[in-house]
Protein chains: 2
Amino acid sequence: MKIQELADRMGLTIHTIRYYEKEGLLDDRHVRRESNNYRNYSEEAVERLKLVKKFQSIGCSLAELKGVLQDLDNNARTNQQIIDWIRGKKKEIESKKEEYDQMLDILNKMLEYRTLLMEDPIKAQEMLKTWHAGSSD
Amino acid sequence: MKIQELADRMGLTIHTIRYYEKEGLLDDRHVRRESNNYRNYSEEAVERLKLVKKFQSIGCSLAELKGVLQDLDNNARTNQQIIDWIRGKKKEIESKKEEYDQMLDILNKMLEYRTLLMEDPIKAQEMLKTWHAGSSD
DNA sequence: GCTTGCCCTAGAGTTCACTTCATAGTTTAT
DNA sequence: ATAAACTATGAAGTGAACTCTAGGGCAAGC
C-alpha cells in the first residue's frame, strides 16, 4: 500500500509517517521501496502504527517508544530488563489514572455546583460555603 | 512571599512562574509588586499554581487552562457554557482512562509472557500461539 | 504529449512549554 | 563599601513532534 492510503487508514499525515520512519519506528518489515522508489507498506505497518499510537496516547515519547519497539524486535535487552520496564510503566499508568480520578472528582463537584446554580442559586451559594470550609488543596 | 520562595514551595523554577504570569495564568489576586518592583505572591498564588499543575497533569495546554481559569474568575462565559465545557472534559478524561486501562491490559499480558519466559520457556511459547490465534488489533 | 496528482528528498518553519542569557537594579552580609 | 545573592526585563535558545516548502520524479487520464 502506498503512503497516502496508509495515512488515510491510520488517520495520520504522510509527513508524520515519513517522520516516524526517519525516527526509526518503522523498519523493512513495515516499509519497502518499489522500483520507482515509492514506499510500499505492509499490513504490519498498520499494526505497528497502531501500537505506536497506543503507546503515544499514554504519554510515551517517540524516543522511548523507539527503544521499546527495537528491543522487542530484536531482543536487545534481557528479559529481566523488559520486565522491569513493564513494571515501571504500569506504575506510571496507575498513578496517572489516579490523577485522572482526582480530576474527575474536581469536575464533578464543579458540575454539581454549576447545575445547582441554574436551578437554585441560593442553595448553590450554600454549597460554596461548605466547600470553602473543608477544602485546603 | 517572593518568587524564589514560591518556586521552592511549588517545585517550579522562578522562570516558569514568571512565564506563567506572562501567559496570563496569574493576575493581581496572585501577584503584586512591591515598591522595589519585586513580585510579591499571595497564598492564593499557591492555590492557583496547584490548580494549574492539576489541570496540566491531565493534558490541558496552558492556553486552554488560561481560558478556563479566566472564565471561572470573571464569569466571562455563561453557566451553560461552563457546564458544557465540564461535560466535555469529563468525557475526555473518561476515554483517556479507558485507553490507560487498555494499555494496562497490554502490559499485563506482556508481563505475564515475560515472567513465564523466565520460568518455563516452553509454556511461554505456547502462550504466544494462543495469542496470535485470537488477536487482531 | 500534457496536465493533474501522487510520490521523493532535504531542509526550513511552527508550536508548546519551558530554559538560558545578557544586562541591570536591589538587598544583605561582612 | 563592596561582594554575594536575589530580583527584574527582554530576547534568544532548546527539544519534541510535527508541518510545510522547494524542487524534482513518476503515472494515469484526456
Side-chain angles (χ1 to χ4, degrees), chain A residues 1-28 30-42 45-46 48-70 89 92 96 99, chain B residues 1-28 30-42 45-46 48-70 89 92 96 99:
Chain A
M1 130 190 47
K2 280 187 288 185
I3 196 165
Q4 186 62 63
E5 191 185 339
L6 180 64
D8 291 343
R9 277 180 65 178
M10 296 308 302
L12 297 170
T13 71
I14 57 175
H15 307 290
T16 303
I17 293 171
R18 286 197 283 244
Y19 173 69
Y20 284 172
E21 182 182 344
K22 207 178 69 182
E23 293 299 303
L25 297 173
L26 304 173
D27 61 31
D28 58 1
H30 316 104
V31 212
R32 302 261 168 99
R33 295 306 181 107
E34 293 175 8
S35 54
N36 57 12
N37 199 33
Y38 285 15
R39 287 175 181 82
N40 192 334
Y41 295 92
S42 66
V46 175
R48 180 66 146 210
L49 289 178
K50 278 183 190 169
L51 203 58
V52 168
K53 283 184 125 188
K54 188 113 251 160
F55 273 89
Q56 211 181 354
S57 77
I58 58 147
C60 273
S61 71
L62 294 188
E64 185 175 14
L65 206 37
K66 179 184 170 181
V68 177
L69 292 177
Q70 285 183 350
K89 258 302 156 205
E92 264 181 54
K96 210 92 184 98
E99 278 188 296
Chain B
M1 138 188 38
K2 280 189 287 187
I3 196 164
Q4 186 61 64
E5 190 184 340
L6 180 63
D8 292 343
R9 279 181 65 178
M10 296 308 302
L12 297 169
T13 71
I14 57 175
H15 309 289
T16 304
I17 293 171
R18 286 198 281 245
Y19 173 69
Y20 285 172
E21 182 183 342
K22 207 179 70 182
E23 293 298 303
L25 297 173
L26 303 174
D27 60 30
D28 58 2
H30 316 104
V31 213
R32 302 262 168 99
R33 295 308 180 104
E34 293 175 7
S35 53
N36 57 11
N37 199 33
Y38 284 16
R39 289 174 181 82
N40 191 334
Y41 295 92
S42 67
V46 175
R48 180 65 145 213
L49 289 178
K50 279 184 188 167
L51 203 59
V52 167
K53 283 183 127 186
K54 187 113 249 158
F55 273 88
Q56 212 180 353
S57 77
I58 60 149
C60 272
S61 71
L62 294 189
E64 186 176 12
L65 206 38
K66 179 184 169 179
V68 177
L69 292 177
Q70 285 183 349
K89 257 301 154 207
E92 263 180 55
K96 211 91 184 94
E99 277 187 295

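A, B, ... follow the sequence lines: proteins, then strands. Residue 1 opens every chain.
Between the C1' atom of C:dC6 and the CZ atom of A:Arg33 lies a distance of 14 Å, rounded to the nearest Å. Distance CD (B:Gln4) to P (C:dT28): 15 Å, rounded to an integer number of Å. When rounded to the nearest whole Å, the span between CD of A:Glu23 and P of D:dA17 equals 8 Å. If you take CD of A:Glu34 and P of D:dA27, they are 9 Å apart, rounded to a whole angstrom. Atom pair B:Lys53:NZ and C:dA17:P shows a separation of 16 Å (rounding to whole Å applied). Put simply, CD on B:Glu5 is 17 Å from P on C:dT27, counting in whole angstrom units. A:Leu25 places its CG atom 13 Å from the C1' atom of D:dC18, with the value rounded to the nearest Å. One atom, NZ of B:Lys66, and another, P of C:dC16, lie 12 Å apart when rounded to the nearest Å.
With distances taken from any side-chain atom of A:Arg18 to the nucleotides C:dG25, C:dC8, C:dA17, the minimum falls on C:dC8. With C:dC6, D:dT9, D:dA27 as the candidates, the nucleotide lying closest to the side chain of A:Asn36 is D:dA27. Considering only side-chain atoms of A:His15, the nucleotide from D:dT19, C:dC6, C:dT19 that sits closest is D:dT19. Nearest nucleotide to the side chain of B:Thr13, out of C:dT19, D:dT7, C:dC8: C:dT19. Among the nucleotides D:dT9, D:dA17, C:dT26, the one closest to the side chain of B:Tyr38 is C:dT26.
The two residues A:Ile58 and B:Glu99 make their nearest non-hydrogen contact at CG2-O, 4.4 Å.
A 4.5 Å side-chain heavy-atom check between A:Arg39 and A:Arg33 finds at least one atom pair inside the cut-off. Between A:Leu26 and A:Leu49 the shortest side-chain heavy-atom distance falls below 4.5 Å.
Between B:Arg39 and D:dT7, a side-chain N or O to OP1/OP2 separation shorter than 4.0 Å is absent. Here B:Tyr20 reaches the OP1 or OP2 of C:dC18: one of its side-chain N or O atoms lies under 4.0 Å away. For the OP1/OP2 pair of D:dC18 and a distance below 4.0 Å, the side-chain nitrogens and oxygens of A:Gln56 include at least one atom meeting the criterion. A close approach under 4.0 Å does occur between a side-chain nitrogen or oxygen of B:Thr16 and OP1 or OP2 of C:dT19.
The existence of a salt bridge linking B:Arg18 and B:Glu21 is excluded, since no basic side-chain nitrogen approaches an acidic carboxylate oxygen closer than 4.0 Å.
Comparing B:Tyr19 and B:Lys2, the nucleotide of DNA chain C nearest to each residue sits closer to the 5' end for B:Tyr19.
In this structure, B:Ile14 reaches neither bases nor backbone, as no heavy-atom distance under 4.0 Å exists between it and the strands shown.
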Practice problem: Apply side chain to side chain contact (heavy atoms under 4.5 Å, CB included) to B:Asn37 and B:Glu34, showing your working. | Solution: CA-CA 5 Å; B:Asn37 199 33; B:Glu34 293 175 7; over 6 Å; no

